[in-house]
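The first residue in the sequence is number 1, and the count goes up from there.
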Amino acid sequence: MRALPVRIDAVLVQALIAAALSFAHLHDLALAAGQDGWKAWAYPVSVDLLLVAAWRRLRSGEAKAAGWCWFIVALTASLGANVATAGLLDLNAVPDWLRILVAGWPAIAFLGGTLLAHGAIADSSAAECESAPGPVTSEAPSSAPELTAAAPQSAPPSTPQVPPALVTLARKVADEHRARTGTPIDTSTLRARLGVPLPLAEAISAQLT
């Protein structure tokens with residue numbers, strides 16, 4: 001059998017090299033900030049996964065504001081590690097603010113990944129609700145006496161399913177808003193803070209009251 005020719009994509013090779021270098025820089029920065037062992041390797045994985053999740057949201061065309069927000073957050077973390085490990089920072093004497101930032105990154109990555117994943121589920125649920133067929137009504141026989149037909153009542157809109165983890169997060173956001181402003185959070189503000197569609201934000205607001 002004739003061997004198939006192997007094509008090497010130069011752009012793909014360059015992307016793999018850049019990803020490997022960025023991965024190593026994030027690992028070195030996490031290690032210098034006191035995250036040793038497997039934790040130092042988990043940091044670059046979380047940054048790369050958040051980048052991929054944000055990029056997929058941008059490619060889907062839904063909730064681009066949330067996608068761009070978390071894409072910039074993950075890109076800033078990656079670029080910051082590259083710059084910090086390029087000789088501008090003494091890795092043997094990492095400042096306290098950088099240690100705090102590195103320690104708090106897992107919570108930031110978890111929040112971003114949760115919002116991006118749940119937002120995608122809510123968008124698909126809304127699309128399925130819009131494509132569902134309307135109620136089918138039977139016509140009266142032609143021999144029956146002519147009667148005034150009553151206007152059919154439209155079925156009530158279905159409420160999106162809200163994941164419990166998203167309700168817990170929304171409750172924390174609402175408590176923080178009340179503590180800061182002294183007033184309950186409205187649906188528009190809650191939607192902007194969570195980066196979710198309006199139907200899902202209304203469903204969450206109903207559960208917060």
Side-chain angles (χ1 to χ4, degrees), residues 7-30 35 38-84 101-132 158-173 187-205 207:
R7 298 182 60 185
I8 299 178
D9 190 345
V11 177
L12 180 59
V13 173
Q14 181 182 6
L16 291 175
I17 295 174
L21 291 173
S22 180
F23 193 95
H25 290 159
L26 285 165
H27 168 267
D28 294 345
L29 183 62
Q35 307 296 327
W38 66 269
K39 293 180 290 185
W41 294 106
Y43 273 84
V45 174
S46 68
V47 173
D48 291 345
L49 288 180
L50 186 59
L51 273 172
V52 172
W55 177 247
R56 291 189 63 181
R57 171 58 65 86
L58 293 175
R59 291 290 301 273
S60 67
E62 300 291 341
K64 286 191 173 182
W68 276 115
C69 174
W70 291 109
F71 184 81
I72 292 174
V73 169
L75 187 61
T76 302
S78 179
L79 291 177
N82 295 341
V83 174
L101 185 62
V102 171
W105 170 256
I108 297 174
F110 175 76
L111 174 63
T114 301
L115 293 180
L116 290 172
H118 288 164
I121 295 174
D123 294 340
S124 61
S125 300
E128 291 177 359
C129 293
E130 292 177 357
S131 61
S158 59
T159 303
Q161 296 293 332
V162 183
L166 190 56
V167 175
T168 302
L169 177 62
R171 199 176 301 278
K172 292 180 181 179
V173 173
T187 303
S188 300
T189 304
L190 183 63
R191 176 192 179 192
R193 292 287 301 277
L194 297 180
V196 299
L198 181 58
L200 184 59
E202 293 175 347
I204 296 173
S205 298
Q207 297 193 25

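Remark: Thr187 engages Ser205 in a side chain to side chain donor-acceptor pair (under 3.5 Å) (not counting sequence neighbours). Residues passing the side chain to side chain donor-acceptor pair (under 3.5 Å) test with Thr189, sequence neighbours excluded: Asp186.
Shortest non-hydrogen contact noted between Ala109 and Ser46 is CB-CB, 4.4 Å. The two residues Ala81 and Leu26 make their nearest non-hydrogen contact at CB-CD2, 3.3 Å. Taking all atoms of both residues into account, the shortest heavy-atom contact from Ile72 to Thr76 is O-OG1, 2.7 Å. Looking at every heavy atom in both residues, Gly67 comes nearest to Arg57 through CA-CG, 3.9 Å.
Put simply, CD on Glu202 and OG on Ser188 are 9.0 Å apart, with the number rounded to the nearest 0.5 Å. Atom CG in Leu51 sits 14.0 Å away from atom CZ in Arg56 (nearest 0.5 Å). Summarising the geometry, atom CG belonging to Leu79 is positioned 4.5 Å from atom CG belonging to Leu75; distances are rounded to the nearest 0.5 Å.
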Worksheet item: Which is it for Leu111 and Trp70 under the side-chain contact (heavy atoms from CB on, under 4.5 Å) test, yes or no, and what are the steps along the way?
Response: CA-CA 10 Å; Leu111 174 63; Trp70 291 109; 4.0 Å; yes
Discussion item. Show, in sequence, the C-alpha distance, side-chain angles and deciding distance for Leu50 and Leu116, and conclude whether the side-chain contact (heavy atoms from CB on, under 4.5 Å) test is met.
Written reply: CA-CA 9 Å; Leu50 186 59; Leu116 290 172; 4.1 Å; yes
Worksheet item: side-chain contact (heavy atoms from CB on, under 4.5 Å) between Val73 and Trp105: does it pass, once the steps are laid out?
Response: CA-CA 10 Å; Val73 169; Trp105 170 256; 3.9 Å; yes
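In this structure the side chain of Val52 never reaches within 4.5 angstrom of the side chain of Asp48, judged on heavy atoms. The closest side-chain heavy-atom distance from Tyr43 to Pro106 is below 4.5 Å.
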